[in-house]
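Structure first, commentary second.
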Amino acid sequence: IIQFTNFMANSVFNDAYDLSFNYEKIPTEFYKNALEASKVVAKEIADLIRRKQAAGKPAVLGLATGNTPKLMYAELIRLHKEEGLSFKGVHTFNLDEYYPMQPDDINSYVRFMKTNLFDHIDIDMNNVNIPDGTIAKEDIAAFCQEYEAKIDAFGGLDIQVLGIGSNGHVGFNESGSHINSKTRLVALDYSTRYDARNDFGGLSKTPTVAISLGVHHIMNAKRVVLLAFGPGKTNIIHKACEGPVTEHVPASFLQTHPNVTFYLDEVAAAKLMKVQTPWLMGPVE
Ligand code: GLP
């Protein structure tokens, strides 16, 4: 059995061979490393942009921050610089922003997006949308409604890129977020603040709240791609993909999305049935 497992695992990692046979609750693809997976996702986004441009329509991208999508953004920049990918007519909506937060702050997601993508491509910055961490508290609810209305005016997001928090949050939709939750000011979990503490110079200086796109608009995206790499994601990927659908693990809601794929490296995928016990999933060739 051990030899068989190793054989199957090796064949999976060698060529991202699809063993799922539709038995997976969430379709997953995994690759030897984060770079390979990131290139696949970047290509999908580039293809979408080119398709939309050819049809004279806007491409509407939902974008994420965090360490995980950085390589994917680097590949999009490379495609722009070396392979003529233009971002003209592309509209973007970021998932979230800490509150309060100045756009030029080292930890602002506005700054993150500029540094990791927007400063290096030809996107019209008027088409870039990121939750505003500077607005007055009393204006947040109206801002969130407008943010959603703007997405709705496009007919929803064409693709939503996601990372995943160690507790299973997507965007900043923490454990307990409802599947129909709206864009709103959310209280950050202790685990989320703990994970971010080094960026802010300690837990006590780490924000306690953030503005986040709600689960509803994530689930409404026509396509969802979630990236997760490294040992810190192994357990939560297992829970999100193979555990029950529960608001305790908001990423598990994606089990009910009709067009979602998780792109993983082999470490993040290590506890999935597809790796551990592939013969339980259906016929193996
Ligand atoms: C933050 C972001 C999420 C991101 C998560 C994981 O909480 N709001 O969008 O997915 O961090 O970050 P990382 O990719 O650095 O592990």
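These numbers come from the heavy atoms of this one structure, side chains and all, not from hydrogens, waters or symmetry mates.
Salt bridge annotation for Asp189-Arg193: absent, with no cationic side-chain nitrogen under 4.0 angstrom from a carboxylate oxygen. The residues Asp158 and Lys52 are annotated as salt-bridged, a charged nitrogen and a carboxylate oxygen being separated by less than 4.0 angstrom. Ion pairing between a basic and an acidic side chain is recognised when a charged N comes within 4.0 Å of a carboxylate O; Lys88 and Asp122 show such pairing. We find that Glu36 and Lys39 are not joined by a salt bridge, their nearest charged nitrogen and carboxylate oxygen being 4.0 Å or further apart. Between Glu24 and Lys274 there is a salt bridge, with a side-chain nitrogen of the basic residue lying less than 4.0 Å from a carboxylate oxygen of the acidic one. Between Arg223 and Glu44, at least one side-chain nitrogen of the basic residue sits less than 4.0 Å from a carboxylate oxygen of the acidic one, meeting the salt-bridge criterion.
Below 30°, between 30° and 60°, or above 60°: for Phe200 and Tyr98 the angle between ring planes is above 60°, a perpendicular geometry. Between His91 and Phe154, the ring planes lie tilted relative to each other; the angle falls in the 30° to 60° range.
A donor-acceptor pair under 3.5 Å is absent between the side-chain atoms of Tyr73 and the main chain of Ala42, judged by distance alone. Not one N or O on the side chain of Arg78 forms a donor-acceptor pair closer than 3.5 Å with the backbone of Glu75. Side-chain atoms of Asn107 come within 3.5 Å of backbone atoms of Asp199 as a donor-acceptor pair (strictly under, hydrogens ignored). In this structure, the side chain of His216 does not engage the main chain of Lys182 through any donor-acceptor pair within 3.5 Å.
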**Stepwise salt bridge (charged side-chain N to carboxylate O under 4.0 Å, His left out) test for Lys43 and Asp47** = CA-CA 6 Å; Lys43 183 175 182 312; Asp47 289 347; 2.8 Å; yes
**Request:** Go through the steps to decide whether Thr183 and His217 satisfy the test side-chain hydrogen bond (donor to acceptor under 3.5 Å, both in side chains), and finish with yes or no.
**Result:** CA-CA 8 Å; Thr183 304; His217 274 72; 5.0 Å; no
**Asked** Under the salt bridge (charged side-chain N to carboxylate O under 4.0 Å, His left out) criterion, do Lys25 and Glu242 qualify, and how do the steps go?
**Response** CA-CA 7 Å; Lys25 292 180 181 174; Glu242 294 177 354; over 6 Å; no
**Request:** Show your working on side-chain hydrogen bond (donor to acceptor under 3.5 Å, both in side chains) between Thr261 and Glu29 and close with a plain yes or no.
**Result:** CA-CA 7 Å; Thr261 305; Glu29 286 187 19; 5.4 Å; no
**Request:** Show your reasoning for whether side-chain contact (heavy atoms from CB on, under 4.5 Å) applies to Tyr31 and Glu266.
**Result:** CA-CA 6 Å; Tyr31 295 85; Glu266 61 183 63; over 6 Å; no
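At least one side-chain heavy atom of Asn173 sits less than 4.5 Å from a side-chain heavy atom of Arg184. When side chains are defined from C-beta on, Ile121 counts as touching Ile77, because their heavy atoms get closer than 4.5 Å. In this structure, the side chains of Met101 and Thr134 stay at 4.5 Å or more apart for every pair of heavy atoms.
Counted within 6.0 Å of NZ on Lys271, heavy atoms from surrounding residues, nucleotides or ligands total 12 or fewer; the atom is thus considered open. For Ile106, the CD1 atom is loosely surrounded, since the number of other residues' heavy atoms within 6.0 Å does not exceed 12. Counting non-hydrogen atoms of other residues, nucleotides and ligands closer than 6.0 Å to NE2 of His248 gives a total of 12 or fewer.
Under a hydrophobic-cluster definition in which Ile, Leu, Val, Met, Phe, Trp and Tyr are linked whenever side-chain heavy atoms come within less than 4.5 Å, directly or via other members, Ile49 and Met125 are assigned to the same cluster. Under a hydrophobic-cluster definition in which Ile, Leu, Val, Met, Phe, Trp and Tyr are linked whenever side-chain heavy atoms come within less than 4.5 Å, directly or via other members, Leu71 and Val267 are assigned to different clusters. Linking ILVMFWY residues whenever their side-chain heavy atoms come closer than 4.5 Å, directly or via other members, places Ile140 and Phe93 in the same cluster.
Among Val186, Leu188, Leu185, the one residue that satisfies the side-chain contact (heavy atoms from CB on, under 4.5 Å) test with Ser212 is Val186. When each of Leu76, Thr68, Asn33, Leu227 is tested with Ser38 by the rule side-chain contact (heavy atoms from CB on, under 4.5 Å), just one qualifies, namely Leu227.
For the salt bridge (charged side-chain N to carboxylate O under 4.0 Å, His left out) test, no residue two or more places apart in sequence or in another chain qualifies with Lys150.
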